[in-house]
Amino acid sequence: MASLPASGHAATHTVTNQPPPLAPYDASADTVLLEGLRREGAGWAEEGVRRLGLRAGSAEAQEWADQANRHEPVLRTHDRYGNRVDEVDFHPSWHHLMRTAVAEGLAGTPWAEDRPGAHVARTAGGLVWGHTDAGHGCPTSMTYAAIPALRKEPELAKLYEPLLTGREYEPELRVPTDKPGLLAGMGMTEKQGGSDVRTNTTAATPTAEPGVYTLCGHKWFTSAPMCDLFLVLAQAPGGLSCFLVPRILPDGSRNTFRIQRLKDKLGNRSNASSEPEFDGTVAWLVGPEGQGVKTIIEMVNCTRLDCVMMSATLMRKTLVEAGHHARHRSAFGARLLDQPLMRNVLADLALESEAATTLTLRLAGAADRAVRGDTGEQAFRRIATAVGKYWVTKRGPAFTAEALECLGGNGYVEDSGMPRHYREAPLLSIWEGSGNVNALDVLRALRREPDTAQALFGELAQAQGADARLDTAVNRLKDLLTTASETSARRLVEHMALTLQASLLVRHAPPAVADAFCASRLGGEWGHAFGTLPDSADLDAVLARALPGDN
């Protein structure tokens with residue numbers, strides 16, 4: 001028998017021209033992110049963000065993400081003795097990811113911090129820690145978002161807020177007040193309504209104890225069913241209302257929360273999404289009866305921001321992956337990164353990524369200042385978050401598909417991680433209202449809250465005169481507002497988003513970046529796919545900013 005070469009590999013299987021593993025890498029090595037962090041008032045958090053970025057890009061954390069998605073959650077309805085338990089078992093990697101996220105303040109922590117920029121620091125942390133896995137961002141996002149809604153009922157907030165804003169992760173179901181930290185979820189959608197939550201049929205019946213009700217109904221899409229508390233919408237005698245539902249009651253007994261099944265989803269597979277059934281489920285009223293949507297809407301605003309954040313994170317993550325591959329892969333006698341057309345594609349992706357990240361941090365800054373009572377920022381946040389939610393999450397799937405294509409067939413196999421990112425991207429456009437819902441929400445804000453339009457144009461005015469294409473786009477936006485209709489809502493919001501992103505880049509990005517963005521997105525020098533930037537674009541400058549190193 002012929003022996004193998006001393007290397008132990010057959011001569012026909014020598015591997016060349018393949019990139020080395022990306023990990024370990026620094027997920028915070030992003031000039032755009034760090035500049036935005038400082039600009040929006042959270043420069044004090046830079047050291048922590050950098051530390052978290054190194055951890056996110058470590059081989060260990062990247063392996064956690066892979067394993068948490070390969071070993072999906074498993075529903076366990078009964079224990080070995082036949083008792084109903086309705087628990088979900090997760091791979092240990094999920095708990096490693098969750099423990100880190102909570103410890104780093106990515107859940108409810110900003111609400112307990114007084115210093116300006118706390119909410120910006122959390123968003124920046126999400127932009128780097130999100131380089132691991134998107135699924136576990138769901139329970140941390142909902143926990144973060146639950147606080148302002150819970151504050152509508154001060155006694156409940158006094159009891160639970162200190163635990164929701166803590167930094168300790170305890171996955172076991174126990175009496176909430178006996179745990180060192182809590183997670184919160186929400187249950188709004190039902191099979192007959194979806195985003196039209198006012199058609200919910202879950203019924204809430206008052207008990208003899210003031211503020212306490214029992215629920216009966218079936219929710220259609222409730223993520224993270226192992227959270228400790230849930231904010232739930234149900235029909236009370238006074239109309240649709242918001243309720244707090246704990247998994248474990250104060251006396252230690254299990255509240256009725258029958259998990260009928262876990263969803264078999266396209267992506268987000270590390271995270272359990274369920275259909276819970278309520279039958280005599282004990283719940284506490286949050287806010288007045290009949291004002292459930294008004295009570296829970298602040299929670300929706302917060303989670304919409306996180307959708308924008310996670311889309312921007314996926315863009316940056318897949319851009320880093322594509323750039324790494326292009327830097328180390330050669331074809332037709334040259335590195336991919338040195339080939340003009342590939343440089344155009346990567347530069348185009350870099351522009352999109354920078355615009356998404358810059359807008360995300362601006363929205364986080366508005367949220368932070370709005371919490372502190374800035375009425376102008378409250379109005380800007382109201383409209384700009386819906387605009388960003390519509391546009392940035394819409395761009396995500398096309399972006400990740402193009403980044404995957406940069407790897408060719410290597411990007412199409414699961415081992416590359418790119419298919420997981422591609423499957424993840426569409427969720428962020430669907431969660432917290434699809435494109436139509438958010439576009440119509442922008443119209444609603446413009447019609448009912450005129451100060452939102454004033455705030456938006458006030459923001460755009462800060463870049464007036466800096467770029468003629470942007471000035472033209474702002475004037476066109478004013479014209480579009482006069483003829484805005486439901487039929488044209490998407491077109492209007494798209495133009496709003498591009499104009500807003502361009503204004504931010506004109507003010508804060510290097511001239512080469514701002515010029516290329518305005519020329520392509522506003523000036524018409526662009527095709528219908530990434531990689532169609534005009535010859536006038538300074539590709540070298542754009543890539544040097546987005547992918548520092550050997551360009």
Side-chain angles (χ1 to χ4, degrees), residues 73 75 77 84 86 88 138-139 141-142 145-146 149-150 152 183-206 212-247 255-266 268 271-304 307 389 426-438 440-441 444:
L75 173 62
T77 57
R84 187 95 193 198
D86 296 289
V88 180
C138 178
S141 178
M142 292 189 297
L150 191 60
K152 301 293 184 180
L183 295 173
M186 61 179 173
M188 293 194 291
T189 60
E190 296 182 4
K191 64 187 73 176
Q192 79 287 346
S195 296
D196 187 9
V197 295
R198 294 186 186 278
T199 62
N200 283 1
T201 59
T202 296
T205 303
V212 181
Y213 294 65
T214 57
L215 306 185
C216 182
H218 186 122
K219 292 297 178 181
W220 182 241
F221 222 108
T222 299
S223 288
M226 290 302 288
C227 287
D228 302 283
L229 310 167
F230 291 83
L231 288 178
V232 172
L233 291 179
Q235 298 286 357
L240 189 66
S241 307
C242 181
F243 296 90
L244 180 76
V245 175
R247 287 294 313 266
N255 208 358
T256 304
F257 194 97
R258 300 194 190 107
I259 303 176
Q260 299 304 307
R261 61 172 172 167
L262 298 184
K263 298 291 192 180
D264 187 10
K265 299 173 293 184
L266 169 67
N268 202 248
N271 176 41
S273 299
S274 68
E275 288 181 44
E277 189 174 84
F278 303 141
D279 186 8
T281 302
V282 182
W284 280 258
L285 182 66
V286 180
E289 267 196 19
Q291 295 189 27
V293 173
K294 184 177 180 180
T295 299
I296 211 168
I297 195 65
E298 184 61 23
M299 186 175 191
V300 173
N301 286 335
C302 290
T303 47
R304 282 181 176 176
C307 288
K389 167 66 169 72
L427 169 64
L428 298 160
S429 181
I430 297 169
W431 188 28
E432 297 308 357
S434 62
N436 284 355
V437 170
N438 278 272
L440 294 174
D441 190 39
R444 189 178 304 111

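We number each residue from 1, following the sequence as shown. Not measured: the values here are computed from a predicted model. Below, all heavy atoms of this structure are taken into account, side chains as well, without hydrogens, waters or symmetry copies.
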Which heavy-atom pair separates K219 from T202 by the least distance, and what is that distance? CE-OG1, 3.8 Å
After noting the C-alpha distance and the side-chain angles of I296 and M188, does the key distance pass the side-chain contact (heavy atoms from CB on, under 4.5 Å) rule? CA-CA 9 Å; I296 211 168; M188 293 194 291; 3.8 Å; yes
Looking at V300, is its backbone amide N or carbonyl O close enough to the side chain of T303 to form a donor-acceptor pair, meaning the two atoms are under 3.5 Å apart? yes
Would you say T281's side chain and D279's backbone share a donor-acceptor pair under 3.5 angstrom? yes
Provide the full list of salt bridge (Lys or Arg N to Asp or Glu O under 4.0 Å) pairs with a residue in residues 228-237, sequence neighbours left out, each pair given once. K179-D228
Once rounded to the nearest 0.5 Å, what's the spacing between atom CD of Q192 and atom OG1 of T201? 4.5 Å
Please report the C-alpha distance between M299 and L231 in whole Å, then the side-chain angles of each, then the deciding distance to 0.1 Å, and finally whether the side-chain contact (heavy atoms from CB on, under 4.5 Å) criterion is met. CA-CA 9 Å; M299 186 175 191; L231 288 178; 3.6 Å; yes
For residues 282-292, which side-chain donor-acceptor pairs fall under 3.5 Å, sequence neighbours excluded?
| unit_1 | atom_1 | unit_2 | atom_2 | d |
| --- | --- | --- | --- | --- |
| E289 | OE1 | G238 | N | 2.7 |
| E289 | OE2 | Y213 | OH | 2.5 |

Please tell me if the side chains of D86 and R247 come closer than 4.5 Å, counting only heavy atoms from C-beta onward. yes
Looking only at heavy atoms, the pair that brings M142 and A184 closest together is CB-O, 3.3 Å
Shortest non-hydrogen contact between P225 and V88, atoms and distance: CG-CG2, 3.8 Å
Rounded to the nearest 0.5 Å, what separation is found between the CH2 atom of W431 and the SG atom of C138? 4.5 Å
Under the side chain to side chain donor-acceptor pair (under 3.5 Å) definition, can you give me all pairs with a residue in residues 293-302, not counting sequence neighbours? E298-R381
Just how far is it from atom SG of C302 to atom CD of E432, taken to the nearest 0.5 Å? 10.0 Å
How close do K389 and I430 get, heavy atom to heavy atom, and via which atoms? NZ-N, 4.4 Å
Step by step, would you call F230 with F243 a ring-ring contact (aromatic ring centres under 6.0 Å, His included)? CA-CA 8 Å; F230 291 83; F243 296 90; over 10 Å; no
Salt bridge check: are R261 and E275 linked by an N-O gap of less than 4.0 Å? yes
Is it true that atom CZ of R198 has more than 12 heavy atoms of other residues, nucleotides or ligands lying nearer than 6.0 Å? no
In terms of heavy-atom contacts, A234 and A203 come closest through CB-C, 4.5 Å
Between OG1 on residue T189 and CG on residue N200, distance to nearest 0.5 Å: 8.0 Å
Can you find a heavy atom in the side chain of R304 that is under 4.5 Å from one in the side chain of D441? yes
Please check if the side chain of N438 supplies one atom and the backbone of G433 the other of a donor-acceptor pair under 3.5 Å. yes
Between OG on residue S273 and CD1 on residue I259, distance to nearest 0.5 Å: 11.0 Å
Is it the case that the side chain of S241 and the backbone of G239 share a donor-acceptor pair, with hydrogens and angles ignored and the cut-off at 3.5 Å? yes
Under the side-chain contact (heavy atoms from CB on, under 4.5 Å) criterion, do V197 and V293 qualify, and how do the steps go? CA-CA 8 Å; V197 295; V293 173; 4.0 Å; yes
Ring-face cation contact, W220 with K263, 6.0 Å cut, 45° max: yes
Indicate whether any N or O donor in one side chain lies under 3.5 Å from an N or O acceptor in the other, for N268 and N271. yes
Heavy atoms only: give me the nearest L244-P246 pair and the separation to one decimal. O-CD, 3.7 Å
To the nearest 0.5 Å, how far apart are CG in L150 and SG in C242? 8.5 Å
